[in-house]
2 protein chains.
Amino acid sequence: MPAELDKFDRRILAIVQRDARRSAEMIGTDIGLSASAVQRRMARLREDGVIVAEVALIDPHSVDQRLTVIADLEVERERPELLASLRQWIAAEPAIQQAWYVTGDSDYVLVVTARDVGDYDALMQRLVAANANVKRFRTRVALDTLKRSLAVPVNATPD
Amino acid sequence: MPAELDKFDRRILAIVQRDARRSAEMIGTDIGLSASAVQRRMARLREDGVIVAEVALIDPHSVDQRLTVIADLEVERERPELLASLRQWIAAEPAIQQAWYVTGDSDYVLVVTARDVGDYDALMQRLVAANANVKRFRTRVALDTLKRSLAVPVNATPD
DNA sequence: AATGAAAGTGATGGATA
DNA sequence: TATCCATCACTTTCATT
């Protein structure tokens, strides 16, 4: 399960998590491996779940999603049976991009995308109406997005 | 610049932001278009910057990044000349996946990935040492990641 | 202007040594 | 692992609507 990753695997990961369209041949010349060796490794990395998915990143503005909001949810800890349904609600809502259960006074942190404040407000009203255990939430509007990625440091030169 | 997206474009986006490896032919049969039409549209969506990138998503655990932290930074507003260097510092730091300038009492929200608490602590000490305008920060450790994506709702059936 | 079909190019994923 | 080769996917061209 904790797949052993060597130097080559890590270099492949470093490349494809920036550009998944790059051909195996180009990656191979970059890292000093043949194209088929790169392909084999990528197949194994997918198989092992190291590469979870390959996705296109869309500019939110181009699809009229101009607003990003960080929402902190505070929930009633006394009703654990409602937590599962809150989690399902979050999972099913496309406007919620990311969600963590966190330490500190507010229990969940959400990253929400919306057309405008009205759209966001409607979403949060639906969230509160559908989840009785949400005590309150705090809204922080992103005035500027400095960085937006899910890339992870892979330490490409350990060997 | 605000590219006009029709029903087909939106359906393509809905698909490729979940799976960028899907062939143009399969997408075409799904949405009722030929493979070459799909390819042409995808080329245009890339050209217009609607598709920003196509990337592989890596499981953080498989590369020993077990910790995700939401860090709220509070900075001195009085020294705008230091803000630019803070932004550069954030941009250059691979452990910081996402960063927003937000409304509310803490000015920046960061999503940070790290091996463990020691790794995270060292990062934040470097951040504070390198950026004199950072007054304080708050750390919230993600105990559970419910959702992790940059997918955006595309409203695939407006027409 | 955008489509679908067909031809040409290039990448991929096997088998083999 | 690298090389070879057949297959698949992508890109361009072109005739059509």
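Quick note on labels: first sequence line is chain A, next is B, and so on, each numbered from 1.
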S.K.: Within a 6.0 Å radius of atom CD on B/Glu25, are there more than 12 heavy atoms belonging to other residues, nucleotides or ligands?
M.R.: no
S.K.: Angle between ring planes, B/Tyr101 versus B/Tyr108, binned at 30° and 60°: parallel, tilted or perpendicular?
M.R.: tilted
S.K.: What is the separation between atom CZ on B/Arg22 and atom C1' on C/dT12, rounded to the nearest whole Å?
M.R.: 18 Å
S.K.: Once you round it to whole Å, what is the distance between P of C/dA2 and CZ of B/Arg44?
M.R.: 7 Å
S.K.: Does B/Arg136 pair with B/Glu74 as a salt bridge, N-O distance under 4.0 Å?
M.R.: yes
S.K.: If only side-chain N and O atoms count, and only distance matters, is there a donor-acceptor pair under 3.5 Å linking A/Ser149 with B/Gln97?
M.R.: no
S.K.: Using a 6.0 Å cut-off, check whether atom CD of A/Glu81 has over 12 heavy atoms from anything other than its own residue.
M.R.: yes
S.K.: How long is the line joining CE of B/Met42 and C1' of C/dT3, in whole Å?
M.R.: 18 Å
S.K.: Roughly, in whole Å, what's the span from CZ in B/Arg41 to P in C/dA1?
M.R.: 15 Å
S.K.: Answer yes when A/Asp105 and B/Arg138 have at least one side-chain N-carboxylate O distance shorter than 4.0 Å, and no when they do not.
M.R.: yes
S.K.: Please list, in numerical order, the residues of residues 32-40 of chain A that have a heavy atom closer than 4.0 Å to any atom of DNA chain D.
M.R.: A/Ser34, A/Ser36, A/Ala37, A/Arg40
S.K.: Which other residues end up in the same hydrophobic cluster as A/Trp100, if Ile, Leu, Val, Met, Phe, Trp and Tyr are linked when side-chain heavy atoms come under 4.5 Å apart?
M.R.: A/Ile70, A/Val102, A/Val109, A/Val111, B/Ile70, B/Trp100, B/Val102, B/Val109, B/Val111
S.K.: Quick one: how far along DNA chain D does chain A reach, first to last nucleotide 5' to 3', anything under 4.0 Å to a heavy atom?
M.R.: D/dT1 to D/dT11
S.K.: To the nearest Å, how far apart are A/Ile27 CD1 and C/dA11 P?
M.R.: 12 Å
S.K.: Measure the shortest side-chain to side-chain distance between B/Leu123 and B/Val112 over non-hydrogen atoms and say whether it is less than 4.5 angstrom.
M.R.: yes
